[in-house]
Amino acid sequence: MTTCSLSFPPQIHLAKLPTPVQPLRRLSEKYGVELYVKRDDLTGIALSGNKIRKLEFVLADALAQKADTIITCGGAQSNHCRATAIAAAMLGLNCRLLLRTPDPANPPPLEGNILLDRMAGADIVWVTPDEYKQRDELMAREAASLQASGRKAYTIPKGASNALGALGYIRAMEELVNDITNTLGGGNRPCTIINAAGSGGTSAGLILGAKIFDVNARIAAVNVRDDRAYFVQAIGDICEQAIADYHLDVHFNRQRDVEIIDGYVGLGYALSQTEELELICEVARTEGVFLDPVYTGKAFFGMIQELKRDPKCFGEQIIFLHTGGLFGLFPKASQISPLLEIR
Ligand SMILES: Cc1ncc(COP(=O)(O)O)c(C=O)c1O
C-alpha cells in the first residue's frame, strides 16, 4: 500500500473522522471468516452516515458559489436528504428537498428522517414516482424559481453521487489503508471491502481510492435497487467523470473494476423481507450494531447469504462498510416488533 497526496478541491469538515473499525467476533465465529465493520454510521449523530463524506466536498462547492439554498432529492426516508438538511442548517443555508411518495396529497407521517428534515428547517416538496423520474429537471425548475426571487440555489444530484461527492470516499480509502494496517494486521491476507450501492457514489470513491492508494483488497457492492448492469453503468460513469475532472492517474475499466453482488434487492427498494429484518435484529443483539433496513441491512443480508454458500468467497477478512441509516429503522417498528415478541 502506498500513500499519495492528492490535489482535490476544497472540503469543509463535517464528519467525525476517522471512524472506528469494529470486529464482529460472534458473527465471525458463526460464519467462519474475520468480519469487521467500518463504522461510517458514526460520522456524527443526527448528521451521520456516508453522505457526510460526500457533502464535505459538495457543500464546499456550494459555499464557494455563494449559494444560499441547497436543493436535493430522494425517497421519502432519504438519509442523503436528512444529512443535507442538517448540514445546510449547520452552515446557515436554506434547504429544499424533493421527496418521492406515491400520493403527494397524503404524504407519509412525520417520523424517522422526515421528522429530522422538518426540524432542521427544510422545505419539502412531495413528488410522485413518475415526477421523480424527471428529478433533475424538477430541481432545475425549483432553482430557477428561487433565482427569480433573488436567491441563489445550488442543486445536488440524488445521493450526492457525482464526481465531486465521490472524492469523499477516495479520502475514506486513506483511512481504510490505516485500518487494514493497524486493525486487520497488515493487508497481506485476502480481504474484501463490502458496501451497499444505492446511487453509486460511495462505490465509485472506494474503487478509485483503492487504485490510488494501491490497496490490496477487493471492493464489492451489494445493490439495493436496480441490477448489476445499472450499477456498472452508474458507478462506471462517476469513476470516469472523477478521473477526468480531477486528473486521477489510474487505469479504470468498468467491466473489470465494478463488482456488484446482485440478487438481494428482495421485495424492492426500501421494502423489507422478514429474513432481512431478522438479521438486522441478530446483528443488534449479538454485536450491538444497528444496520438500517434500506441499505446496510440488505447489503449485510446479501453478504451473509454469499458466505453461507461459500465461507471463503470474500477471502479471509471482510470489512463491511456501515454507511448509516439508523433513522430508517423507526418507520419499520411495526414490522420489526413481531420479530422481537416471538423470542
Ligand atoms: C445508509 C445508506 N447506505 C448506503 C447508501 C448508498 O450509498 P450510495 O448512494 O453512495 O451508493 C445510502 C444512500 O443511498 C444510504 O443512505
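Values reported hereafter were calculated over all heavy atoms of this structure, with side chains retained and with hydrogens, waters and symmetry mates removed. One-based numbering, in listed order, for ligands and for the atoms of each.
- Of the heavy atoms in K51, only side-chain atoms (C-beta onward) come closer than 4.0 Å to ligand 1.
- Cation-pi contact between R82 and F327: absent, since separation from the ring centre below 6.0 Å together with deviation from the ring axis within 45° is not met.
- Atom numbering of ligand 1 starts at 1 in the shown order; those under 4.0 Å from a heavy atom of G325 are 1 (C).
- Residue contacts with ligand 1 include A197, since one of its heavy atoms falls under 4.0 Å from the ligand.
- Close approach to T202 involves these atoms of ligand 1, each under 4.0 Å from a residue heavy atom: 7 (O), 8 (P), 10 (O).
- The shortest side-chain heavy-atom distance between L138 and V127 falls under the 4.5 Å cut-off.
- Residue-ligand proximity, N79 to ligand 1, at heavy-atom distances under 4.0 Å covers atoms 1 (C), 15 (C), 16 (O).
- Residue S161 has at least one heavy-atom neighbour below 4.0 Å for each of these atoms of ligand 1: 9 (O), 10 (O).
- Contacts between N195 and ligand 1, counted as non-hydrogen atom pairs separated by less than 4.0 Å, are absent for every part of the residue.
- Atoms of ligand 1 found under 4.0 Å from any heavy atom of G324 (numbered from 1 in listed order, with element): 1 (C).
- Contact annotation: G159 has no heavy atom less than 4.0 Å from any atom of ligand 1.
- Near K54, meaning under 4.0 Å from any of its heavy atoms, are these atoms of ligand 1: 8 (P), 9 (O), 10 (O).
- When side chains are defined from C-beta on, E287 counts as touching L27, because their heavy atoms get closer than 4.5 Å.
- Residues D40 and L42 have side chains not in contact (no heavy-atom distance under 4.5 Å, counting atoms from C-beta outward).
- Within the 4.0 Å heavy-atom cutoff, S203 does not count among the residues contacting ligand 1.
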